[in-house]
S.K.: 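Here it is: the structure, laid out below.
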Amino acid sequence: MLDEMEKLVSLCKRRGFIFPSSEIYGGINGFWDYGPLGVELKRNLKEAWWRDHVQQRDDMVGLDCSIIMNPRVWEASGHVGGFSDPMVDCRATKERYRADQIFVFAYVLPAVNHKGEPTEAWLAGLGSTPEEAAVVPEKKAAKLAKRFGEPTGPPSVIPYLQLGPGDREKVIGPATDDRGTLTEPRSFNLMFKTFVGALETESSVAYLRPETAQGIFANFKNVLDTGRVKLPFGIAQIGKSFRNEINPRNFTFRSREFEQMEIEYFCRPEEAREWYAYWRTARFQWYVDLGLRSDRLRLRDHGPEELAFYSTATADIEYAFPFGTSELEGIAHRGDYDLKQHQKFSGKDLSYFDEERKERFVPHVVEPSAGADRATLAFLCEAYTEDQVGGEARTVLKFHRRIAPVKAAVLPLVKRDGMPEMAEAIYRELKRRQNVFYDEKGAIGRRYRRQDEAGTPFSITIDGQSLTDGTVTVRDRDSCRQWRVPAAGISRALDDLLEGEVGSGQ
Ligand code: ATP
């Protein structure tokens with residue numbers, strides 16, 4: 001399974017979807033750049049989200065807030081006090097881990113201490129789930145057996161945070177071969193700090209936002225006062241967020257700079273459960289409609305022990321990535337917690353007056369909070385396919401047409417006899433409406449393969465017959481089926497193909 005991820009990362013690099021940030025200087029952990037194809041993919045995804053949730057609805061307005069806000073916002077939201085993860089350092093290797101992502105495999109290697117007394121050694125692995133964390137310990141158990149003795153039986157799995165200090169001494173860290181190198185867990189605030197203005201003093205400290213949601217709450221009154229909205233209504237925002245993640249991993253899945261697509265949907269308190277149910281279903285269906293159709297997409301309700309203290313219901317939309325099943329989006333019923341906090345900290349009235357019922361109250365809110373980079377990664381994983389065409393192996397990204405970076409490629413069969421000229425004219429015409437690509441270099445089969453790898457849904461080929469009867473060949477990426485259409489109406493034909501169910505793509 002990990003192999004699948006390696007192949008995807010290498011395709012993303014090779015074809016210009018995603019690069020490590022500042023790579024010529026050795027990169028920087030947790031930061032990624034989107035190349036020419038990647039930026040189109042992510043933009044298409046964000047635009048689909050914006051169109052479906054803001055522009056096509058009557059009950060939603062958009063917002064674009066600043067990344068740095070008054071630090072009081074983060075006191076009110078609880079981020080200054082509590083937005084932290086438990087962190088563990090390895091004294092030997094200087095590696096830093098999130099303590100909740102260390103699982104200890106109590107293989108019980110019969111180690112011997114410095115006094116020659118028998119003692120125990122336990123192996124730690126790293127991952128969001130025990131299965132993910134098991135990979136390293138399984139390999140290491142065999143290797144360390146020579147030094148410490150054979151394991152005494154099958155391992156039991158214990159989360160690191162549940163171990164007592166005495167037991168932590170027995171643990172061999174994920175990147176070392178010795179016991180007792182891991183420190184006690186310490187709390188680490190994930191917000192990036194900076195200074196505003198010329199003086200670097202405590203009073204000029206500000207934070208890069210760790211989520212876009214608080215900007216929405218902070219503007220609730222402004223949006224209300226513009227007078228366009230009536231409950232129930234939502235405010236949507238797409239933008240960058242920053243978290244100084246202790247251990248960024250799994251490609252773009254956990255980055256330190258990422259984009260969120262968030263909605264705060266405000267409603268009357270007694271209607272909040274219904275709206276929660278609505279958004280839980282609607283948001284799941286959105287991913288399905290855009291092509292996450294396999295059983296790798298899941299909806300998981302939080303149990304009572306997992307809920308934040310202010311939330312009465314939360315669900316995660318999860319995707320089974322090759323590295324494990326993880327959250328793409330959270331949908332939370334947050335009650336009136338956020339508005340009341342900001343009311344308390346700002347001293348401003350954030351209540352709503354219902355004109356019809358002559359009632360004043362603080363609305364309740366449902367928050368569907370998604371990550372644009374995680375969604376992009378899920379769509380890449382879902383699209384990645386290796387299959388055979390005419391006995392030849394190919395790699396194809398089967399993106400939904402709406403999010404495909406390039407919609408069609410225009411290809412003259414050969415570089416002579418007037419074919420490039422006709423192809424160029426078609427390319428110019430199509431380019432006015434769609435993101436299309438022109439390619440005349442190399443054998444046609446190779447050019448098709450390149451388009452398959454880029455996820456281009458259609459290729460339009462201009463051949464000898466095109467010059468005599470004015471038709472061109474359309475090739476469908478997924479089925480490789482080909483058919484001829486008149487070049488005269490090609491622009492409409494492509495629009496229809498991209499919008500409709502014609503052809504055998506998704
Ligand atoms: P996790 O438990 O994975 O750290 P979270 O529960 O803290 O995530 P939220 O605070 O609910 O995440 O953020 C909402 C969404 O923002 C997530 O579902 C995810 O899509 C995205 N997101 C959060 N942190 C990151 C990150 N470090 N890198 C990329 N996307 C992220």
Side-chain angles (χ1 to χ4, degrees), residues 18 20-21 28-34 38 42 45-46 49 74 77-79 82-87 97-101 126-129 132 161 188-192 207-217 236-264 279-280 283-284 286-287 292 297-303 306-308 310-311 313-321 323-334 337-338 365-381:
I18 301 170
S21 164
I28 170 166
N29 198 6
F31 298 89
W32 299 92
D33 296 341
Y34 288 78
K42 192 165 132 182
L45 194 73
K46 289 186 287 182
W49 186 91
W74 306 111
S77 68
H79 284 83
F83 190 55
S84 49
D85 279 336
M87 166 180 86
Y97 307 109
R98 244 174 80 172
D100 57 336
Q101 291 184 344
L126 203 62
S128 306
T129 59
E132 195 189 343
L161 283 172
F188 175 76
N189 194 299
L190 299 184
M191 280 198 294
F192 277 101
Y207 304 97
L208 304 193
R209 68 178 175 203
E211 61 173 42
T212 60
Q214 296 305 322
I216 298 180
F217 294 121
Q237 171 161 230
I238 298 180
K240 289 263 181 170
S241 291
F242 301 81
R243 295 182 189 180
N244 199 0
E245 297 280 359
I246 293 167
N247 202 355
R249 319 176 296 129
N250 294 333
F251 202 20
T252 56
F253 180 84
R254 188 172 301 288
S255 312
R256 288 179 164 140
E257 174 176 341
F258 54 95
E259 264 180 297
Q260 290 186 306
M261 310 187 287
E262 296 195 296
I263 294 170
E264 300 301 333
W279 282 110
R280 184 180 164 280
R283 288 301 305 142
F284 186 84
W286 187 80
Y287 291 102
L292 291 193
L297 189 70
R298 291 155 201 183
L299 189 57
R300 186 178 67 82
D301 292 306
H302 283 206
E306 225 183 323
L307 289 176
Y310 47 75
S311 176
T314 299
D316 284 350
I317 298 174
E318 298 181 333
Y319 187 75
F321 289 97
F323 48 80
T325 300
S326 300
E327 174 186 330
L328 279 189
E329 168 163 351
I331 297 114
H333 178 328
R334 299 176 63 92
Y337 176 74
D338 305 274
V365 73
V366 176
E367 176 188 86
S369 168
D373 307 85
R374 281 192 190 173
T376 302
L377 186 57
F379 282 106
L380 275 164
C381 289

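Just so you know, ligand 1 is whichever comes first in the structure, and atom 1 is the first atom listed for that ligand.
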S.K.: Which residues pass the side chain to side chain donor-acceptor pair (under 3.5 Å) test with Ser255, not counting sequence neighbours?
M.R.: none
S.K.: Please output the residues near ligand 1 using a strict heavy-atom distance under 4.0 Å, listed in chain and residue-number order.
M.R.: Arg243, Glu245, Phe253, Arg254, Ser255, Phe258, Gln260, Glu327, Leu328, Glu329, Ser369, Ala370, Gly371, Arg374
S.K.: For the side chain of Asp316 and the backbone of Ser326, is there at least one donor-acceptor N/O pair under 3.5 Å apart?
M.R.: no
S.K.: If the condition is side chain to side chain donor-acceptor pair (under 3.5 Å), which residues does Asp373 pass it with, not counting sequence neighbours?
M.R.: Tyr34, Lys42
S.K.: Step by step, work out the salt bridge (charged side-chain N to carboxylate O under 4.0 Å, His left out) result for Arg334 and Glu264.
M.R.: CA-CA 10 Å; Arg334 299 176 63 92; Glu264 300 301 333; 5.1 Å; no
S.K.: Whether the side chain of Arg209 engages the backbone of Ser241 through a donor-acceptor N/O pair (distance < 3.5 Å, no angle test) should be reported.
M.R.: no
S.K.: Excluding sequence neighbours, so at least two apart, what forms side chain to side chain donor-acceptor pair (under 3.5 Å) with Ser311?
M.R.: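 Ser311: side chain to side chain donor-acceptor pair (under 3.5 Å) contacts with Thr314.
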